[in-house]
J.: 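Below are the structure tokens for one structure; questions will follow.
Below, chains carry the letters A, B, ... as their sequence lines are ordered, and counting in each starts from 1.
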Protein chains: 2
Amino acid sequence: MKSEFLINWHSQLRKGLLPLFVLMVLQEKENYGYELIQNLQTRFAIDVAEGTLYPLLIRLQKEGLLTSTWVEQVSGIPRKYYVITPVGQQTLHEMRAYMDSLKSINQNEQ
Amino acid sequence: MKSEFLINWHSQLRKGLLPLFVLMVLQEKENYGYELIQNLQTRFAIDVAEGTLYPLLIRLQKEGLLTSTWVEQVSGIPRKYYVITPVGQQTLHEMRAYMDSLKSINQNEQ
DNA sequence: TAGAATACTTTGTATAACTATGTATTTTTA
DNA sequence: TAAAAATACATAGTTATACAAAGTATTCTA
């Protein structure tokens with residue numbers, strides 16, 4: 001059974017990883033929120049609550065990393081599709097560079 | 001120049017990484033706070049303010065991952081040395097396992 | 001027709017980094 | 001030798017963000 005500390009650590013780690021993962025998914029293809037939650041699960045084995053993701057998407061959009069458009073469905077509820085912007089791509093690039101630098105640091109371990 | 005967003009992202013990412021890095025350093029050798037700040041800088045290229053590290057150390061101790069003892073110096077100010085506990089080592093192990101799982105996920109990228 | 005699934009939003013709470021400040025001692029330097 | 005810098009630890013207030021919970025609305029399914 002996972003300790004209280006580890007559960008909390010995971011939650012804290014997500015504060016950094018989640019924006020990265022979201023940008024990574026959207027880099028490949030535009031997504032609407034509900035779809036993104038499922039892609040994050042299959043792609044990164046990470047369960048994201050709607051109350052976590054939607055505020056994040058709004059924040060990323062406010063920062064200029066994403067744009068969004070409502071798309072009416074022939075059948076079903078309208079979906080808000082999120083697309084990564086050039087600023088978002090540049091930011092993703094720098095995030096990746098930082099993550100890679102961490103990896104190389106961790107290499108000189110037993 | 002780094003964007004506001006990236007600066008903030010780094011800060012959020014640290015909330016997850018810092019406990020991991022601290023445990024990694026202490027896994028190798030006991031450290032006192034001030035020394036630890038320097039080791040985190042040389043080892044992980046990460047600048048940690050005292051106001052960040054000391055509360056973290058107190059928290060980790062409260063969680064049972066560390067113990068600490070004051071050591072009087074022949075010359076100089078007494079130092080509080082932090083030592084990783086078995087619980088801390090187990091926790092570190094699980095943190096590493098999780099970090100490794102992230103790495104393998106990130107591998108299937110262009 | 002009730003319930004599940006889809007789809008987005010908002011409110012309140014908890015966690016933890018960060019800034020700033022404070023205390024105290026020792027070493028360096030001008 | 002006095003001032004400044006470095007060493008060493010601690011705490012209060014602010015801010016960002018995950019998360020739980022609840023809400024709104026539509027569509028599909030049994």
J.: Calculate the interatomic distance between A:H10 atom NE2 and C:dA14 atom C1'; express it in whole Å.
T.: 19 Å

J.: Just to confirm, is there a sub-4.0 Å distance from OP1 or OP2 of D:dT15 to any side-chain nitrogen or oxygen of B:N8?
T.: no

J.: Nearest nucleotide by nearest heavy atom, which residue falls closer to the 5' end of DNA chain D, A:L18 or B:Y82?
T.: B:Y82

J.: For the side chain of A:Y34, counting heavy atoms from C-beta on, which of C:dA7, D:dC19, C:dT9 is nearest?
T.: C:dA7

J.: Give a yes/no on whether any side-chain N or O of B:R79 is located under 4.0 angstrom from OP1 or OP2 of D:dA8.
T.: yes

J.: About how many Å separate CD1 of B:I37 and CG of B:D47, when rounded to the nearest 0.5 Å?
T.: 10.0 Å

J.: Looking for any heavy atom pair under 4.0 Å, which part of the strands does B:K15 touch: base, sugar-phosphate only, or nothing?
T.: base

J.: Take the protein atom NZ of A:K62 and the nucleotide atom P of D:dA16, then report the distance between them rounded to whole Å.
T.: 11 Å

J.: Tell me whether the OP1 or OP2 atom of D:dC9 has a side-chain N or O from B:Y32 closer than 4.0 Å.
T.: no

J.: Specify the separation, in whole Å, of atom CD1 of A:I7 and atom P of C:dA16.
T.: 13 Å

J.: Reckon A:Y54 has a side-chain N or O less than 4.0 Å from the OP1 or OP2 of C:dT9?
T.: no

J.: May I have the distance from B:L57 (atom CG) to C:dC18 (atom C1'), rounded to whole angstrom?
T.: 16 Å

J.: Looking at B:R59, I'd like to know whether one of its side-chain N or O atoms comes within less than 4.0 Å of OP1 or OP2 on C:dA17.
T.: yes

J.: How many angstroms lie between CG in A:L13 and CG in B:L13, if you round to the nearest 0.5 Å?
T.: 7.0 Å

J.: Looking at every non-hydrogen atom in both residues, tell me the closest pair between B:Q12 and A:K15 and how far apart they are.
T.: OE1-CD, 3.4 Å

J.: Please find the pair of heavy atoms, one from A:L23 and one from A:L92, that lie closest to each other, and give the distance.
T.: O-CD2, 3.7 Å

J.: Can you tell me how far CG of B:L18 sits from CG of B:L60, rounded to the nearest 0.5 angstrom?
T.: 9.0 Å

J.: Please state whether the rings of A:Y81 and A:Y32 are parallel, tilted or perpendicular, taking 30° and 60° as the class boundaries.
T.: perpendicular

J.: Using every non-hydrogen atom in the two residues, find where B:P55 and B:E50 come nearest and quote the distance to one decimal.
T.: CD-O, 3.8 Å

J.: Does B:W70 reach a base, just sugar-phosphate, or nothing at all? Heavy atoms under 4.0 Å.
T.: sugar-phosphate

J.: In whole Å, I'd like the distance from the OH atom of A:Y81 to the C1' atom of C:dT6.
T.: 12 Å

J.: Does the protein touch nucleotides 21-30 of chain D at the base, only the backbone, or not at all? Give it as B, S and - per nucleotide, heavy atoms under 4.0 Å.
T.: B---BBSS--

J.: Between atom CD in A:E4 and atom P in C:dA16, what is the gap in whole Å?
T.: 10 Å

J.: Mind calculating the distance between CG (B:L40) and P (C:dC18) to the nearest angstrom?
T.: 12 Å

J.: Take atom CG of B:L13 and atom P of C:dA16, then tell me their distance rounded to the nearest Å.
T.: 15 Å

